[in-house]
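In the text below, chain A, chain B and the rest are named by the order of the sequence lines, each starting its count at 1.
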Number of protein chains: 2
Amino acid sequence: MQQCCIMKLKKKMKTVRNTTAKTEIQELIANSPVALSHTEIQSATNGLCDRVTIYRVLERLTVEGLIHKVVNVDGVVKYAGCHSCSEKHNHNHIHFSCQKCKSVTCLEDVESTFKMPKKYIISEMNFTLSGLCPQCS
Amino acid sequence: MQQCCIMKLKKKMKTVRNTTAKTEIQELIANSPVALSHTEIQSATNGLCDRVTIYRVLERLTVEGLIHKVVNVDGVVKYAGCHSCSEKHNHNHIHFSCQKCKSVTCLEDVESTFKMPKKYIISEMNFTLSGLCPQCS
DNA sequence: TTGCAAATGCAACAGTGTTGCATTATGAAA
DNA sequence: TTTCATAATGCAACACTGTTGCATTTGCAA
């Protein structure tokens, strides 16, 4: 009886499946030097799957910690691959948004320091700089 | 003749008008301890003016440098009053977004330092921390 | 008080993201 | 290899956010 219940619980565990859409989108983001928006991914995949599927794949990849979700200065949501997150998944680096070519890049080697004097509990950071990237300046 | 031209040029200069909507929205934001979204402003003003007018007033106030436009970690656009910008209008301070009560506050006394090793030209910053505010922690 | 044009209201539109539901297809177990 | 539960997808429809055009209203300077 007890074992029966455990088996039932085990069966309830969600198993992750690898699909064409998921694989291609993940590779696209991983191989891109800049962060990509949903629209950009949709154009790049070119009818690979439905608009909604892209949203759901991006959601899944973000939850699984395989990609970063970055909100731009303009409020545009972009997704970037985890390049230096092999040891520990880390969202807390600075992103740079170019005002000319609209590219968003992760500045994973730039660290920011600041002191919080008040009783705030920090769990997430989104530091975005905006200006001109080396290509456009 | 010369003077005529100058007068014509002067006439072309856009004059700013103070309207009920602009005044009330500006006061609402100035008196709020947290940054407000368009929806929150719409609810607070309660039919004072059209939805579109609020967008246009917010745009105008931002351009005139009377309020700050802040993009949240979630991508939600909020507007905050300029409290310590009397001498010099300054957008480049840290904002804190509470995950519990959803409030966004300006941490104008917290300064951040970082070093940029690459050839980036920085013109704007959007530093947003997310977590629990003193009231919710 | 008059008149220019800044500001508004309304309608319509575009972009982004979500949800429900029927259908497809993945991968583990038989 | 085949079977099958269910994860994942496609489609339609919806909600929310922000924009644009245009006729009308209203602030303010002359």
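- Using a 3.5 Å distance cut-off with no hydrogens or angles, the side chains of A:Gln99 and B:Ser123 do pair a donor with an acceptor.
- Rounded to whole Å, atom C1' of D:dT9 lies 8 Å from atom CG of A:Asp50.
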I'd like a table of atom pairs between the protein and nucleotides 26-28 of chain D - only N or O on both sides, under 3.5 Å - with the distance next to each one.
{"residue": "D:dG27", "atom": "N2", "partner": "B:Arg17", "partner atom": "NH2", "Å": "2.3"}
{"residue": "D:dG27", "atom": "N3", "partner": "B:Arg17", "partner atom": "NH1", "Å": "3.2"}
{"residue": "D:dG27", "atom": "N3", "partner": "B:Arg17", "partner atom": "NH2", "Å": "3.4"}
{"residue": "D:dC28", "atom": "OP1", "partner": "B:Asn18", "partner atom": "N", "Å": "2.9"}

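- Considering only heavy atoms from C-beta on, B:Leu28 comes within 4.5 Å of B:Thr45 through its side chain.
- In the hydrophobic clustering of this structure, A:Val104 does not group with A:Phe96; members are Ile, Leu, Val, Met, Phe, Trp, Tyr whose side-chain heavy atoms approach within less than 4.5 Å, directly or through other members.
- Between A:His38 and A:Tyr55, the two ring planes are parallel [angle under 30°; tilted spans 30° to 60°].
- Across the protein-nucleic acid pair, B:Leu58 atom CG and C:dT8 atom P stand 11 Å apart, rounded to whole Å.
- Regarding B:Ile25, its CD1 atom lies at a distance of 11 Å from the C1' atom of C:dT8, rounded to whole Å.
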| query | Taking protein heavy atoms under 4.0 Å as touching, what does nucleotides 13-21 of chain C look like 5' to 3' if B marks base contact, S marks sugar-phosphate-only contact and - marks none? | reply | ---SBBBB-

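- For the pair B:Ile41 CD1 and D:dT17 P, the interatomic distance rounds to 12 Å; values are reported in whole Å.
- When the P atom of D:dT17 is taken as reference, atom CD of B:Gln42 falls 9 Å away, rounded to whole Å.
- Residue B:Glu24 contributes atom CD, which lies 12 Å from atom P of C:dT8 at whole-angstrom precision.
- Hydrophobic clustering places B:Leu61 together with B:Ile54 (ILVMFWY residues linked when any side-chain heavy atoms are closer than 4.5 Å, directly or through intermediates).
- Checked by atom type, the side-chain pair A:Asn72/A:Ser97 shows a donor-acceptor distance below 3.5 Å.
- A:Leu129 and B:Leu129 fall within the same hydrophobic cluster, defined by Ile, Leu, Val, Met, Phe, Trp and Tyr side-chain heavy atoms under 4.5 Å apart, directly or through other members.
- Using a 4.0 Å cut-off between a side-chain N of Lys or Arg and a carboxylate O of Asp or Glu, B:Glu64 and B:Lys22 qualify as a salt bridge.
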